[in-house]
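Remarks on the structure that follows.
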Amino acid sequence: MNDNAAMKTFDDIEVRRAGIALGYLALLDAQPGRPLALFAPRRVGKTYFLDNDLAPAAKAAGMLPVYADLWLHKSAPLAALNHALEEALDDLLVPSGNLAKMAKTQVKKIGLLGASVDLGDEPHRRALPESSTLRLDALVTRLARQHKGRVLLMLDEVQTLGDVPDGVSMIAALRSVLHKRRADVCAVFTGSSQEGLARLMNTAGAPMYQFAQIIDFPMLGDEFLRPLAAHFGKVHAGKKLDMAGLRDAFKKIGFKPALMRDLVKAMSAEGVTDVQRGIENYVRSDHQLAIWHALLNSVNAFDRGVLVAVAKGQPPLSQATLKTLEMVPGVKPTISKVRSSLEKLKRSGLLSKTAEGTTIDDPLFAEFLQRRGTTLTPYRILS
Ligand SMILES: Nc1ncnc2c1ncn2[C@@H]1O[C@H](COP(=O)(O)OP(=O)(O)OP(=O)(O)O)[C@@H](O)[C@H]1O
Ligand SMILES: [Mg+2]
C-alpha cells in the first residue's frame, strides 16, 4: 500500500491505521458516555493518527469529528475546546462557497458597547451561554442536531488539564457533558505526558477516576520499516537494509517515525547500510550536534547539569546528583532546586517520565549527553 510506484521520496511514506481506528470506534460504541484515553510517549504519531486515521473513519461512520489541541490555549483549555466546536458549527451553518462564508463570518460578531451580538447565527437561535461548561453542553447538542449524527471530540494534549488551577473542575464539566449527552457525543483523549495523563486519570477522588478507558496506543512497526527499506533499495540498486537492524534501531530511538525517517535519509545520503553505523554517524553529524548544542544552550547551567545526571542514569534526587551539580558555578544545589528543574525540563519536553523513572525524552540526545562526560561547563555557545 505504501511502497507503491507513485512514491517519490522517504517523506511520502505514510502508514494508514484504519484497523486501529475502527477498533476504537467500536469501543466507543460499546460504552456510551465513556471516553478513550490514548497513552503514548512523545512523537510516536498520536496526533497524526487522530488526523489521518480516526477522523476519516469517524466521518465514514457518519460522525462529525472535532479536533482540539488543549495545549494551544494552556491557560484556558475548555475555551479552546469550545472554540473548536464553534468553528465546526460555523462550518455546518454557513452556506458552502467561500464568498458566502466570508460574508457571513464578517457579520458574525459585532461589538455593541462591549456586548457581542451573534448576527451570524440562525435567527431563531438563542445566543450561547457565557459559562464555558454550559457553552460546551449547548455547543455539543447544537452540533449533533445540526449534523444529524454523533460528534466525536478528539482532545489532544489532554494532560494540559492536569496543569491548570481549575483543571479538576474542567474535567468534572467535561465528564458530566459527555455523560449527559452520550447519545450525541463521544470522545477520544490523547496526551504526550504519561505522567500528566496518569495523574489526571488515576488520582482517586479526581473526577476522571475510572471515567476514561485508558489504552496503550500501539507503536508503529514493520509496516513502517518495510517501505523505508524498500525505498532505500530503490534508490541504491544492489544495497539492502536489514530488517532486524532497522527494528533494533527503531526500538532504540523510541519508535519515533519522523526521527527514524531522518535517520534512514541520512544513511541513504551516505550510502550506509549498517544501521548501527548509521545511528553513530547521525549522532555525530555537525547538523545534529548543532541542534543539540542549541537545545542545551536554551536551558540554564543548572538544568544542563540535571540533564547530564539523568542521562547518566543517576537517580535525579540522589546525593550523587547533588554532588555532580556542585560543579555548576554560582548555584548551591538543593533537592528542591533539582525538583523544580526536573519539573521545568519535563514541561519543555526534554525529560519524560516512564515506568522506569525520569528519562531523557530523545534517546539519541541521551547518548549525546552521556558522551559529553562529566564536564558541565563551560558550554560552547553557537551563535
Ligand atoms: N502513521 C504514520 N506514517 C508515517 N509517518 C508518521 C505516522 N505517524 C506519525 N508520523 C510521523 O511522525 C511525526 C510525529 O507524529 P505526531 O506529531 O503525530 O506525534 P505525537 O505522538 O502527536 O507527538 P507529540 O507527543 O509531540 O504531540 C509526524 O509529523 C510524522 O512525520
Ligand atoms: Mg501530538
Side-chain angles (χ1 to χ4, degrees), residues 1-28 36 38-61 63-69 71-72 152 154-157 188-192 215-237 239-270 272-273 275 278-279 282 287-288 349 361-364:
M1 177 170 46
N2 292 292
D3 30 14
N4 56 35
M7 200 184 70
K8 302 242 166 39
T9 72
F10 285 109
D11 292 327
D12 298 324
I13 294 170
E14 294 185 331
V15 178
R16 287 283 100 87
R17 314 179 83 185
I20 299 176
L22 288 178
Y24 291 169
L25 291 181
L27 271 177
L28 288 169
L36 304 182
L38 307 182
F39 250 108
R42 298 194 66 86
R43 310 301 299 153
V44 299
K46 300 179 297 294
T47 303
Y48 193 95
F49 169 77
L50 294 182
D51 210 25
N52 294 288
D53 302 303
L54 192 62
K59 260 188 211 150
M63 299 166 103
L64 177 70
V66 177
Y67 172 88
D69 182 344
W71 176 258
L72 273 184
L152 171 66
M154 302 186 296
L155 304 191
D156 209 358
E157 308 285 0
V188 171
F189 305 152
T190 71
S192 45
I215 290 178
D216 280 323
F217 178 67
M219 307 290 116
L220 285 167
D222 281 9
E223 73 276 33
F224 177 64
L225 301 177
R226 247 183 271 113
L228 278 181
H231 189 64
F232 189 98
K234 209 156 68 183
V235 176
H236 302 275
K239 288 190 180 174
K240 200 167 175 295
L241 293 185
D242 163 50
M243 277 304 286
L246 282 176
R247 273 185 214 117
D248 286 349
F250 198 38
K251 182 164 180 225
K252 180 166 185 182
I253 64 167
F255 303 100
K256 300 174 197 249
L259 184 52
M260 190 66 193
R261 187 161 38 211
D262 278 356
L263 179 67
V264 174
K265 266 155 97 174
M267 289 172 63
S268 174
E270 293 163 352
V272 172
T273 52
V275 188
I279 290 188
Y282 185 81
H287 170 73
Q288 202 47 53
D361 183 68
D362 176 350
L364 297 185

- Message: For Asp361 versus Gly349, what's the shortest heavy-atom pair and its separation?
- Response: CB-O, 3.3 Å
- With sequence neighbours excluded, tell me which residues meet side-chain contact (heavy atoms from CB on, under 4.5 Å) with Asp69. Tyr67, Trp71, Leu72, Glu157
- Item | Salt bridge Asp262-Lys256, side-chain N to carboxylate O under 4.0 Å | no
- Query: Less than 4.5 Å apart, any side-chain heavy atom of Leu364 and any of Ile253?
  - Reply: yes
- With rounding to the nearest 0.5 Å, note down the distance linking CG in Leu36 to OG1 in Thr190. 11.5 Å
- Message: What I'd like to find out is whether the side chain of Leu152 reaches to under 4.5 Å of the side chain of Leu54, using heavy atoms alone.
- Response: yes
Ignoring hydrogens and angles, write down the donor-acceptor pairs under 3.5 Å from the side chains of residues 263-270, residues two or more places apart or on other chains.
| residue | atom | partner | partner atom | Å |
| --- | --- | --- | --- | --- |
| Lys265 | NZ | Asp11 | OD1 | 2.8 |
| Lys265 | NZ | Asp11 | OD2 | 3.2 |
| Ser268 | OG | His236 | NE2 | 2.9 |
| Glu270 | OE1 | Asn281 | ND2 | 3.2 |

Show me the side-chain donor-acceptor pairs of residues 243-251 shorter than 3.5 Å, one per line, residues at least two apart or across chains.
| residue | atom | partner | partner atom | Å |
| --- | --- | --- | --- | --- |
| Arg247 | NE | Asp222 | OD1 | 2.9 |
| Arg247 | NE | Asp222 | OD2 | 3.2 |
| Arg247 | NH2 | Asp222 | OD2 | 2.9 |

- Message: Could you check whether any side-chain N or O of Lys46 sits under 3.5 Å from a backbone N or O of Pro41, counting only pairs where one atom can act as donor and the other as acceptor?
- Response: yes
- Message: Within the structure provided, determine whether Leu38 and Phe189 are in side-chain contact (heavy-atom separation under 4.5 Å).
- Response: no
- Task: Report the distance from atom CG of Leu241 to atom CZ of Phe232, rounding to the nearest 0.5 Å.
- Result: 4.5 Å
- Note on the structure: Separation between CG (Leu225) and CG (Asp242), nearest 0.5 Å, reads 11.0 Å
- Looking at Ala55 and Pro65, what are the two nearest heavy atoms and their distance? O-CG, 3.7 Å
- Short side-chain to backbone donor-acceptor contact, Asp53 and Arg17, under 3.5 Å: yes
- Results of salt bridge (charged side-chain N to carboxylate O under 4.0 Å, His left out) for Asp51 - residues two or more places apart only: none
- Would you check, one step at a time, whether the test side-chain contact (heavy atoms from CB on, under 4.5 Å) holds for Tyr282 with Leu259? CA-CA 11 Å; Tyr282 185 81; Leu259 184 52; 3.6 Å; yes
- Sequence-distant partners of Lys252, salt bridge (charged side-chain N to carboxylate O under 4.0 Å, His left out), two or more places apart: Glu367
- Query: Hey, do the aromatic rings of Tyr24 and Phe49 have their centres closer than 6.0 Å?
  - Reply: yes
- Val66 side chain near Met154 side chain, heavy-atom distance below 4.5 Å: no
- If you measure from CD1 on Ile20 to CG on Leu25, what distance do you get to the nearest 0.5 Å? 12.0 Å
- Stepwise, does the side-chain contact (heavy atoms from CB on, under 4.5 Å) test hold for Leu155 with Val188? CA-CA 6 Å; Leu155 304 191; Val188 171; over 6 Å; no
- Message: Which residues pass the salt bridge (charged side-chain N to carboxylate O under 4.0 Å, His left out) test with Asp362, not counting sequence neighbours?
- Response: none
- Task: Please round to the nearest 0.5 Å and tell me the distance separating atom CZ of Phe224 and atom CD1 of Ile13.
- Result: 6.5 Å
- Note on the structure: On a heavy-atom basis, the closest approach of Gly254 and Pro363 is N-CG, 4.0 Å
